Trainee: 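Sharing a structure, written as structure tokens. Questions coming.
Letters go in sequence order (proteins before strands), and every chain restarts at 1. Note: hydrogens, waters and symmetry copies are ignored here, and every other heavy atom, side chains too, is used. Computed from a predicted structure; not experimentally measured.
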Protein chains: 2
Amino acid sequence: MFAQNGYTGTSVADIAARADIGKGTIYEYFNSKEDLFFAVFEWYCKKTGAAVTVSISVLGASAAQRLDALNGSLMSLWDEIKDVFVLVMEFWAAASSSKMRQRFQIAFKQLYQDFRRIVSDLIVDGISRGEFREDIDPEAVAAALVGTWDALFLQAWFDPIFDPLEISQKFLAVVIQGLKKS
Amino acid sequence: MFAQNGYTGTSVADIAARADIGKGTIYEYFNSKEDLFFAVFEWYCKKTGAAVTVSISVLGASAAQRLDALNGSLMSLWDEIKDVFVLVMEFWAAASSSKMRQRFQIAFKQLYQDFRRIVSDLIVDGISRGEFREDIDPEAVAAALVGTWDALFLQAWFDPIFDPLEISQKFLAVVIQGLKKS
DNA sequence: TTCTGTTGACTGACCAGTCGGTCATTTATT
DNA sequence: AATAAATGACCGACTGGTCAGTCAACAGAA
């Protein structure tokens, strides 16, 4: 319901009705509407986090191939994420609103850090294998790539024509070309 | 005030008080709170749009140099945008909320399209100059780059340590390396 | 009977938008 | 120049409505 109508657009009564329980019951399990919302956020983080860790476990392949696999599995999530993606925007907004700022901001920072870490490890691996150039900054590339994925979803959300998988594959090819030793 | 407390966190009465005018006066100029908010959005679009068009007017330079210039002037905006960036998140959320969806969604789609166009023109120019490879998709690279810039701001917002200018410069170097004819 | 879990009516706070009215400035009249 | 009439920007008290959170009461199990 948060995904459909946003945080403020969803009342606790609505949620209770949809869940076929009384409003009071919700307060048996959550201290506040905000707590409930944060729980949804944590659920969402766990869900997407799982998708990432699974996809890079393709060991043995080259770093470039693994980057591509990660990209592919992330971007192909789009179709099933599409409807829930609004939630992410709601979370961003929540992190920016002064009331809930603290917890969401910390959680997001952590989330991005973890994600960047995974990607940068992958790149470091590529360097030590002699596959990628030594003069690149793995952290920087990781941060930018993570950002790109995020933002492609965002653009796709605004524009139904936009195909994040195709775009990201073509772009990643360029990036990998730039990473490789020439 | 929207940047400080978000859309729902800001009451029209608050705005009136801050502006030292009566609440009724606001309704002389705007039909609704939503209209007022959309006006802020349009103001913001104009502001950032100007920053972009100025920075790519550095003609004569190579496509790579111009890309770098665009990147630099965008990312160095961060310090002055930092405090207002929350607005963007508010706008995203607004675009996702069912009530205001239409206008914000259309505006964002347009905004991204325009921005992608600028960057892709720059890349196409690089190709026709023989500077960049012919087998790349300018649209895709442009879309991804635009996204990356957006997302670096986002990450920077969550993490004060994060330096979007440095990261983007290092990343762009890799991308340009991948774009160039080898 | 007691305990556990559930419920929805109720409350108090909040808030967008309205509307009747004020008053400084401008325009018309004498 | 002096006076009167018209204007419209400005105001804030008020209305109608929403909603998060509470709590007294209820139902079912043990």
Trainee: Figure out the CG/P separation between B/Asp35 and C/dG17, and round it to whole Å.
Mentor: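 Taking CG of B/Asp35 and P of C/dG17, I get 9 Å after rounding.
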Trainee: Taking NZ from A/Lys23 and P from D/dA24, how many angstroms apart are they, rounded to a whole number?
Mentor: 16 Å
Trainee: Quick check on DNA chain D: between B/Asp20 and A/Ser32, whose nearest nucleotide comes earlier from the 5' end?
Mentor: B/Asp20
Trainee: When the ring centroid of B/Phe91 is compared with that of B/Tyr7, is the distance short of 6.0 Å?
Mentor: no
Trainee: Could you check whether the rings of A/Phe37 and A/Phe104 sit parallel, tilted or perpendicular, using 30° and 60° as the cut-offs?
Mentor: tilted
Trainee: Compare the minimum distances between each of C/dT7, C/dG17, D/dA20 and the side chain of B/Lys33, then state the nucleotide with the smallest one.
Mentor: C/dG17
Trainee: Just checking B/Ser11: base, sugar-phosphate only, or nothing, at a heavy-atom cut-off of under 4.0 Å?
Mentor: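 The residue B/Ser11 makes sugar-phosphate contact but no base contact.
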Trainee: Describe the nucleic acid contact of A/Thr10 in one word from base, sugar-phosphate, nothing, applying a heavy-atom distance below 4.0 Å.
Mentor: sugar-phosphate
Trainee: Find the distance A/Ile26:CD1 to D/dT22:P and express it as a whole number of Å.
Mentor: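 In whole Å, D/dT22 P lies 13 Å from A/Ile26 CD1.
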Trainee: Once you round it to whole Å, what is the distance between C1' of D/dG21 and CD of A/Glu28?
Mentor: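 Atom-to-atom, A/Glu28 to D/dG21, this comes out as 12 Å.
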Trainee: Mapping A/Gly24 and A/Gly9 onto DNA chain D by nearest heavy atom, which one lands closer to the 5' end?
Mentor: A/Gly9
Trainee: Is a salt bridge present between B/Arg103 and B/Asp35, judged by a nitrogen-to-oxygen distance below 4.0 Å?
Mentor: yes
Trainee: Which whole-number value in Å describes the distance from B/Asp14 CG to D/dG12 C1'?
Mentor: 15 Å
Trainee: Which whole-number value in Å describes the distance from A/Ile15 CD1 to C/dT7 P?
Mentor: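 Taking CD1 of A/Ile15 and P of C/dT7, I get 15 Å after rounding.
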Trainee: Send over the distance from A/Tyr27 OH to C/dT4 C1', rounded to a whole Å.
Mentor: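 The distance from OH of A/Tyr27 to C1' of C/dT4 comes to 21 Å, rounded to the nearest Å.
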Trainee: Within less than 4.0 Å of OP1 or OP2 of D/dA9, is there a side-chain N or O belonging to B/Thr25?
Mentor: no
Trainee: When the aromatic ring centroids of A/Tyr44 and A/Phe41 are compared, is their separation below 6.0 Å?
Mentor: no
Trainee: Considering the terminal five base pairs at each end of the helix from C/dT1-D/dA30 to C/dT30-D/dA1, what angle separates the two local helix axes, rounded to 10°?
Mentor: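 It comes to 20° between the two terminal axes.
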Trainee: Can you tell me the distance, in whole Å, between the OH atom of A/Tyr29 and the P atom of C/dG5?
Mentor: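 Taking atom P of C/dG5 as the reference, OH of A/Tyr29 is at 7 Å.
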Trainee: Anything under 30° is parallel, anything over 60° is perpendicular, the rest tilted; go ahead and classify B/Phe158 against A/Phe108.
Mentor: parallel
Trainee: One thing to verify: whether A/Asp14 and A/Lys23 come together as a salt bridge, which I'm taking to mean a side-chain N less than 4.0 angstrom from a carboxylate O.
Mentor: no
Trainee: Would you mind checking if A/Glu42 and A/Lys46 are paired as a salt bridge, meaning a charged N to carboxylate O distance below 4.0 Å?
Mentor: no
